[in-house]
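One structure is given below, encoded as structure tokens.
This is a predicted model, so every value here is computed, not measured. Proteins come first, then strands; the chains are lettered A, B, ... in the order of their sequence lines, and each starts at number 1.
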Amino acid sequence: MSNAILESGAAMADRAPRHGVEELSMQQALNLALDEVLAENPKTLVFGEDCGRLGGVFRITDGLQAKYGTGRVFDTPLAESGILGMSAGLAMAGFHPIPEVQFDGFAYPAINQIVCQIARMNYRSRGTMPMPVTLRVPSFGGIRAPEHHGESLEALFAHVPGLKVVSPSNPHEAYHLLKYAATRPDPVIFMEPKSRYWQKGEVTFDSADPAGSAAGGPPTGAKVMREGRHVTLIAWGAMVARCLQVAGLAAEDGIDVEVLDLRWLKPIDAAALAASVRKTRRAVVVHEAPLTSGLGAEVAQLITQSCFDTLKAPVERITGFDVPYPSGDLEDEYIPNIDRILFGIQRVLEYRRG
Amino acid sequence: MSNAILESGAAMADRAPRHGVEELSMQQALNLALDEVLAENPKTLVFGEDCGRLGGVFRITDGLQAKYGTGRVFDTPLAESGILGMSAGLAMAGFHPIPEVQFDGFAYPAINQIVCQIARMNYRSRGTMPMPVTLRVPSFGGIRAPEHHGESLEALFAHVPGLKVVSPSNPHEAYHLLKYAATRPDPVIFMEPKSRYWQKGEVTFDSADPAGSAAGGPPTGAKVMREGRHVTLIAWGAMVARCLQVAGLAAEDGIDVEVLDLRWLKPIDAAALAASVRKTRRAVVVHEAPLTSGLGAEVAQLITQSCFDTLKAPVERITGFDVPYPSGDLEDEYIPNIDRILFGIQRVLEYRRG
Amino acid sequence: MDTMPSPATGSGAGQLPGPLSRQLSGAPAEPLTDDQLRELYSLMVAVRHLDTSAIAWQRQGLIPGYAPELGQEAAQVGSGYAVDTTRDFVFPTYREMGVARAMGVDMVAYMSTHKATWHGGLYNPLESRLAPIQAVVGGSVLHAVGWAHGQTLSGIAGTNTDGTAGVAMTYFGDGASSQGDVHEAMNFAAVMRAPVVFFVQNNGWAISVPTERQVAGGSVAARAAGYGMPALQIDGNDVVAVVEATRRAFAHARAGNGPVLIEAMTYRRGPHSTSDDPGRYRSLNDERDDAGEDPVERFRKRLLADGVADESFFAEALAAAKTEEEHIRAGIQALGPRPGMEMFDLVFQETTPALQAQAASWREESEHV
Amino acid sequence: MDTMPSPATGSGAGQLPGPLSRQLSGAPAEPLTDDQLRELYSLMVAVRHLDTSAIAWQRQGLIPGYAPELGQEAAQVGSGYAVDTTRDFVFPTYREMGVARAMGVDMVAYMSTHKATWHGGLYNPLESRLAPIQAVVGGSVLHAVGWAHGQTLSGIAGTNTDGTAGVAMTYFGDGASSQGDVHEAMNFAAVMRAPVVFFVQNNGWAISVPTERQVAGGSVAARAAGYGMPALQIDGNDVVAVVEATRRAFAHARAGNGPVLIEAMTYRRGPHSTSDDPGRYRSLNDERDDAGEDPVERFRKRLLADGVADESFFAEALAAAKTEEEHIRAGIQALGPRPGMEMFDLVFQETTPALQAQAASWREESEHV
Ligand SMILES: Cc1ncc(C[n+]2csc(CCOP(=O)(O)OP(=O)(O)O)c2C)c(N)n1
Ligand SMILES: Cc1ncc(C[n+]2csc(CCOP(=O)(O)OP(=O)(O)O)c2C)c(N)n1
Ligand SMILES: [Mg+2]
Ligand SMILES: [Mg+2]
């Protein structure tokens, strides 16, 4: 690759590394992360439908085209397979593409390129053609949107060899996980919980921040968001906030709930699951995707494998139903709500062998 | 729809209903099932790439175009999304399409039409536009084929609300399950284990045949292929034969293995899983697909949910690895082999709490 | 490029360069009667009024969102008007309110999708001859091909030579033309000579992306020749041109000559949807320059000039549109949420034990009755 | 349709009806020298001999399967010969053995894919300038567009005005032209003016489906005009015509004029693959009538007639081809299976704990060392 782009990129790094804490929405945190990644690595490119001038329908790429030019940040024609197929080719030419598909449901037209090409090119080429593609997918439901705008594809992606999958639950995670994902040499599906885009939260910028991960290193693995002794709630994306809410309510009844943000949906942090459930001896996994063959089954089975002797009850799954994602008010019936999660906790707490 | 096709269809029903038992390969059994379905229901159509004159690359549709004409059995251009999108439209016009995608790996270009259209049209249209589409997918590995010709997509399909998924393990099952699937009013993904196409086996034609299902009714639910007391092996497709082999070997060591052919991968027969494992108290699930987020997780979790108190060991999963399906001799390293399944059985038998 | 023979052809017609590989067959249809012209105007006014009202409904919180078709009334009403609902079938996107209205679809049932009552809408597609509302860009174009090929197959058997076979019309946009499915659909249709009318509303924009950065070569109609398929690029803001082109295309397809593509050149005068902010990607000046004359106003002037209608007729049409809108609004207001059990009951024709179990647990844990 | 200016243009050139919306820029390239003509012949003979030998290898059990390119030697060698491997990049399908050979790829490493040693082959794509072998029909066409756009992006920054920017060439067949991805690729390339050469080998068949039931309108080249992209439909069995057309296309794309499509009309003289039985869908008579003259034989006659080569040269070329094939066969015979650990090690650049655990259990339970 030409190093002219490298220089133009360097010229853009107009801000000093951030320190301290800022209150940002997830939209702002993601935008900032992209801004910094574009400034730091001239090989990065941000593109997709309406990502340029408009700044994305969720404004995640807002202002980036003005700052980095139409070469680095651009609109594509309306074709998701095209976007991902082009990403593969750009990666083969040495770029680090950060494409967006506009909504979860519109990742389906690109599945062939994702599964058969992007996930396999490193393998097929015997490591000579890595695929550092960071695919941003505004994901999950909860915003009363039209059909196909509330899907949860994590189980599909997590099943595909060659992909890594991650989902942030708050602005801090969004910033750090996106910066991390966009510097990896492997393809990462980055699932953004669109119902949380406008929620504000503290982002800690110190790169030595131990909140980035349990061990203070890079933001790999799961993260305990609230410690507890009686039961572990495992969630990701928008469901983490809901589980924290549930934990607060349960605490009023004297039930001490641990909340684990899984963060990485592939690879799954099996050690963190084991550590938590060995302590609490009960687990409830929560997700928006339909129950059957959802990622909750994998999480539950990983827990059962590692904690078979200590588990006091079978792992509960509180999930979306095996129905197409519904419209309007029915969303509230479909997405795991506080009541359903509390019922799940109750079941694992009251379970008696016999 | 015109009833002229109905009449021409009826004229094709040139054979009396079969009785008794015949020795057939799975390819012959499937071909026969399609032949009868075409004869019995004039609304059925068989099509796909090379399905007409060539009779399919696996000859499953051999002779059908000559018999039913180019209107009922035809070649399409080389585009899987086109094939499935056209199927949706034909279903809306009152037909029962039985499309083929030539190989598992080439279902990916059609996923958008399958997931967003075929699986949801009944729901979207509030039951007014059912999708009686029977999609035949030559599936799974084991034939030393090129890349993308050995994939196992059942976890993906089983996760999609609105789809039903089934896989036959032998010629008898192939005949009965295809005839059943192709007469349902809902979309069914029919996953044919291509490595078993040329294996012969007895097909019992008496429609009152109790082998069709445990209860003598339609071939719904799972099926016990071998009874045993010590451990349940759960499998589908080509892995059923391998598990039966393993059961034979284990018997020599005095281990009495029950083999359950899951058959329906959606809906899963949870009652049959529970019944078997309540008896054996140990279970090993075997599949070719990669481990993570595979259907084995769902099966294991269903068993754990229903048999938590009686299970003597966590359910074992013996599966393909989380790697792209490999080439040539590496297939044998990837697909669960007899040794690996035996190790799994050993682990559940020797498991000690503590 | 086939030019429109109708005297009503607007300035946009006949623009496409290069010869067609195959011409549209059949003579031009009968000219529209004065009654029909007035009916078209009434429809356009009803659609315009409902469309602008729906934006207000959204601002007032009656509906969560809406995709206006402001500026596309001629393209939508004109093409929908040409449909024979006794035999044809139409596959819309999410923006074809005007088509639905022109086809006589129950508008409360249609607009219910924008109240987020049910994805796809509450109307019966089989009775309405309008497939459920489609949110996947380009998603239903192939369905039209399949449905149309079904007509051919029924005809093959010999009972449909009586001309009762229908034609499928599928709508899509300039943005959708980039989707692989649209190419597959055109190729399938042309290979199979399926009776399909591909009706492209080229409204200049796909959300924020203008046609020139979307459609290589600049014209969707120009793609048709590559499939050996005739195409008409027409002035989509001239309702009479649209009716006549659509009728010709239907006649061509119905006669067994295979598919036709119509590219109706128009302009999306409003935002992409009520959550869009066009100010971020185009200026008001751009809009003024590019939109051309308002198709409703243009038709009004013409009817007046031709003596087909007068001010009192226009006033009546507007009054009727208002009454209609009030009626629809009342219907939408009265719509309650769908019962949760429909989530489970409408997945399959034959339900499954797993789904029934989930429904039972939903009832137990969540039903707020 | 642009006609070929080369005197070597065969009968298939210039067939496509209708004008191009944009002409290919640039003057015709220098004519080929006699040395180059002889080199092309040697390549064609080497490819022909290896190709027919590979079928024998399969019959003998040395390799499990093979997709012959019999009859496509001129199209493959001619186009591969035009590639500048210092800067261009080529995206093959599963049938481009002749292209690989003409580009100088290590043929043991290339043929290893047919021994099922490794999907994609053992050659290093970056060094060979040839992407891994692609089994998805149409799968890599978009990759060429992305790679090519990467060249433009590198150029934009101003350091690539020295002409070092490469061109991507992607191969696909008449069957592949039906795939949505191919349309998306052409549209993206033309919108972005990416330096891509779309090289279509129209060999008359996609397994059992003839072009006329695959390609609506009959010509893939005819599609290009719809994207405002120049196209050349050429006699793909005339190796000189192929070289010259490909060079012109490269020059056009390299000069920043955007993509070009070449449709090389040829014929798949053999089965689709060693597991295919063409007798089920075409007769030997059909083959004789449709295949035309053997491209290798045709070129031989021409060289002889033009006095460029004589019988002793042909004999030498054949002898060299035989030596080469023996060498490659020996290499293939010597290839053992890949170590199982590669399954795990090559998935990611950065492995994961889960994968390492699986590798460990595989070692424990399955490694037969
Ligand atoms: C497959 C798919 N990708 C993306 C979207 C998001 N989206 C909705 S409408 C739209 C623009 C469509 O433009 P066009 O086809 O021109 O139709 P118009 O909106 O102008 O009527 C986009 C990108 C979608 N609905 N479906
Ligand atoms: C997406 C996809 N669908 C189906 C196949 C199976 N298949 C392999 S080659 C082939 C025919 C390809 O025809 P064409 O593009 O003309 O290339 P040719 O084989 O003639 O070189 C088919 C259907 C595939 N490999 N990929
Ligand atoms: Mg548009
Ligand atoms: Mg071909």
Side-chain angles (χ1 to χ4, degrees), chain C residues 1 16-22 136-139 141-142 145 149 174-194 196 198 200 206 209-231 233 258-261 263, chain D residues 1 16-22 136-139 141-142 145 149 174-194 196 198 200 206 209-231 233 258-261 263:
Chain C
M1 174 62 210
L16 189 68
L20 264 188
S21 57
R22 194 148 39 98
V136 179
V137 164
V141 182
L142 280 159
V145 177
H149 187 57
D174 44 300
S177 74
S178 297
Q179 286 285 353
D181 270 16
V182 170
H183 159 66
E184 297 187 11
M186 291 191 198
N187 189 48
F188 271 61
V191 163
M192 302 187 308
R193 294 177 71 83
V196 182
F198 295 100
V200 188
V209 179
T211 306
E212 58 271 23
R213 279 187 287 128
Q214 181 76 249
V215 180
S219 153
V220 182
R223 304 265 165 89
Y227 304 98
M229 170 167 66
Q233 193 185 52
V260 183
L261 188 148
E263 184 178 21
Chain D
M1 171 66 207
L16 190 66
L20 265 187
S21 55
R22 194 150 37 102
V136 179
V137 164
V141 182
L142 280 160
V145 177
H149 187 58
D174 44 299
S177 73
S178 297
Q179 287 283 352
D181 270 15
V182 170
H183 159 67
E184 297 188 11
M186 292 192 195
N187 188 49
F188 271 60
V191 162
M192 304 189 306
R193 294 176 71 83
V196 183
F198 295 99
V200 187
V209 179
T211 306
E212 59 270 23
R213 279 187 287 130
Q214 182 76 249
V215 181
S219 153
V220 182
R223 304 264 165 91
Y227 304 98
M229 171 166 66
Q233 193 185 53
V260 184
L261 189 149
E263 183 177 23

- So, the side chain of C:N187 versus the backbone of D:V215: is there a donor-acceptor pair under 3.5 Å, distance only? no

- Message: According to side chain to side chain contact (heavy atoms under 4.5 Å, CB included), who are the partners of D:A176, at least two apart in sequence or on a separate chain?
- Response: D:V137, D:F172

- Considering only heavy atoms and a distance below 4.5 Å, find which of C:S178, C:G217, C:G180, C:A216 pairs most often with chain D. C:A216

- Atom group of C:V182 that falls short of 4.5 Å from chain D, counting heavy atoms: neither

- Query: At their closest point, which heavy atom of C:H183 faces which heavy atom of D:Q179, and how far apart are they?
  - Reply: CD2-O, 3.4 Å

